[in-house]
Engineer: 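The structure is given below, and queries will be raised subsequently.
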Amino acid sequence: MGLSQTLLVYALVCVHLGVSQPFLRLRPSPSDHLPVPELKEDPDPEYDPREQDLAERTLRKKLGSNFDPNFMSISLPAVNISAPEPLGKPGPMPNEIKKLDLNETPYGKRVKVGKKARRKFLQLLWTYTFCPVVYTWKDLGVRFWPRYIKEGNCFSERSCSFPEGMSCKPVKSVTKIFLRWYCQGFLRQKYCTWIQVQYPVISECKCSC
């Protein structure tokens, strides 16, 4: 699924009877902005699920095979929720780096580069331009189930190019299905239930302008 087709969750504010009565509605909308921005939640606890609405057995059944323990957790994970996981090592070298011709300069002059020197230079180049996905556990709040998601971000502590100027940006994402507590109406006339929503997670980053 391309980033332009990724479904994001947005909050809309509705006005009822001339009085500002905000409540959340879920609307899928295409976006290139990942990770998903923070949702603006109605702070009124009346829109929170009750204890009986959080029965794990019932919610697991409703989510079914979409429950992915690698990316979601019911309780606070053992690791610090804001501590990123260790960065991964560069994978296989991409073809665009493998095929670089180091024997020809931009001015057409040929230079001789030994196989060993070429291999070391290309490995150094790939290591420097490699863009790992940094994963951290994020608390989505009580209105999502499971409440915790392992969210991906592109490494951004330095430029990924030489000379500097380019940065790591998301190029691929995977979609995880969560349950969202969704309310229609207001006060005693409101109706709330769990619905399935798509939540995109960055899965690959690339050095880009």
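Just so you know, these numbers come straight off a predicted model, no measurement behind them.
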Engineer: Does the SG of Cys207 lie under 2.5 Å from the SG of Cys168?
Structural biologist: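 Their SG atoms do not fall under 2.5 Å; no disulfide, then.
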
Engineer: If we only count heavy atoms from C-beta on, is the Arg60 to Trp145 side-chain gap below 4.5 Å?
Structural biologist: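 Yes; the side chains approach each other to less than 4.5 Å.
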
Engineer: What is the minimum heavy-atom distance between Trp137 and Pro77, and which atoms define it?
Structural biologist: CD2-CG, 3.4 Å

Engineer: I would like to know whether Leu59 and Leu179 meet side-chain contact (heavy atoms from CB on, under 4.5 Å); could you show each step before the answer?
Structural biologist: CA-CA 8 Å; Leu59 296 180; Leu179 296 179; 3.9 Å; yes

Engineer: Please say whether the positively charged group of Arg143, taken as NZ for Lys or CZ for Arg, lies over the ring of Tyr47, i.e. under 6.0 angstrom from the six-membered ring centre and within 45 degrees of the axis.
Structural biologist: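 Output no; distance or angle outside limits.
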
Engineer: So, Ser159 side chain and Gly165 main chain: donor-acceptor pair closer than 3.5 Å or not?
Structural biologist: yes

Engineer: So, for Ser167 and Cys160, which heavy atoms are closest and what is the spacing to 0.1 Å?
Structural biologist: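 For Ser167 and Cys160, the tightest heavy-atom pair comes out as C-SG, 3.4 Å.
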
Engineer: Quick one: do Glu38 and Lys138 make a salt bridge, cutoff under 4.0 Å?
Structural biologist: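 Between Lys138 and Glu38 there is a salt bridge, with a charged N closer than 4.0 Å to a carboxylate O.
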
Engineer: What's the verdict on side-chain contact (heavy atoms from CB on, under 4.5 Å) for Tyr199 and Val197, showing C-alpha distance, side-chain angles and the deciding distance?
Structural biologist: CA-CA 7 Å; Tyr199 197 106; Val197 294; 5.7 Å; no

Engineer: Would you say Met72 and Tyr148 make side-chain contact, with heavy atoms under 4.5 Å?
Structural biologist: no

Engineer: How far apart are the closest heavy atoms of Lys176 and Val201, and which atoms are they?
Structural biologist: CG-CG2, 4.2 Å

Engineer: Side-chain contact test, heavy atoms from C-beta onward, threshold under 4.5 Å: evaluate it for Val174 versus Pro200 and give yes or no.
Structural biologist: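 Val174 does not reach Pro200 side chain to side chain.
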
Engineer: Does Glu164 pair with Arg158 as a salt bridge, N-O distance under 4.0 Å?
Structural biologist: no

Engineer: Show, in sequence, the C-alpha distance, side-chain angles and deciding distance for Phe178 and Leu140, and conclude whether the side-chain contact (heavy atoms from CB on, under 4.5 Å) test is met.
Structural biologist: CA-CA 10 Å; Phe178 282 74; Leu140 297 176; 3.9 Å; yes

Engineer: What heavy-atom pair brings Val142 and Leu54 nearest, and what distance separates the two atoms?
Structural biologist: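 So the two residues come closest at CG2-CD1, 4.3 Å.
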
Engineer: Run the ring-centre check on Trp194 versus Trp181 and record whether the distance is less than 6.0 Å.
Structural biologist: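 Yes: the rings meet the under 6.0 Å criterion.
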
Engineer: Sub-3.5 Å donor-acceptor pair from the side chain of Glu204 to the main-chain atoms of Pro132, do we have one?
Structural biologist: no

Engineer: If you measure from the Lys or Arg side-chain nitrogens to the Asp or Glu carboxylate oxygens, is any gap between Glu56 and Arg147 under 4.0 Å?
Structural biologist: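 Not counted as a salt bridge, because no side-chain N and carboxylate O are separated by less than 4.0 Å.
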
Engineer: Does Gln52 have more than 12 heavy atoms from other residues, nucleotides or ligands lying within 6.0 Å of its CD?
Structural biologist: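 More than 12 within 6.0 Å, yes.
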
Engineer: Looking only at heavy atoms, what is the nearest atom pair of Pro146 and Leu63, with distance?
Structural biologist: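 The pair with the smallest heavy-atom distance is CD-CD2, 3.8 Å.
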
Engineer: Which heavy-atom pair separates Ile202 from Cys154 by the least distance, and what is that distance?
Structural biologist: CG2-SG, 4.3 Å

Engineer: If you apply the rule side-chain contact (heavy atoms from CB on, under 4.5 Å), what do you find for Lys172 with Lys206, and how did you get there?
Structural biologist: CA-CA 9 Å; Lys172 288 184 181 179; Lys206 190 173 183 179; over 6 Å; no

Engineer: Find out whether the Lys NZ or Arg CZ of Lys150 is both under 6.0 angstrom from the six-membered ring centre of Phe71 and within 45° of the ring's axis.
Structural biologist: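 Yes, Lys150 and Phe71 form such a contact.
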
Engineer: Find the distance between CG (Leu34) and CG (Asn153) and round it off to the nearest 0.5 Å.
Structural biologist: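 It comes to 9.5 Å.
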
Engineer: Once rounded to the nearest 0.5 Å, what's the spacing between atom CE of Met166 and atom OG of Ser208?
Structural biologist: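 Reported value, rounded in 0.5 Å steps: 5.5 Å.
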
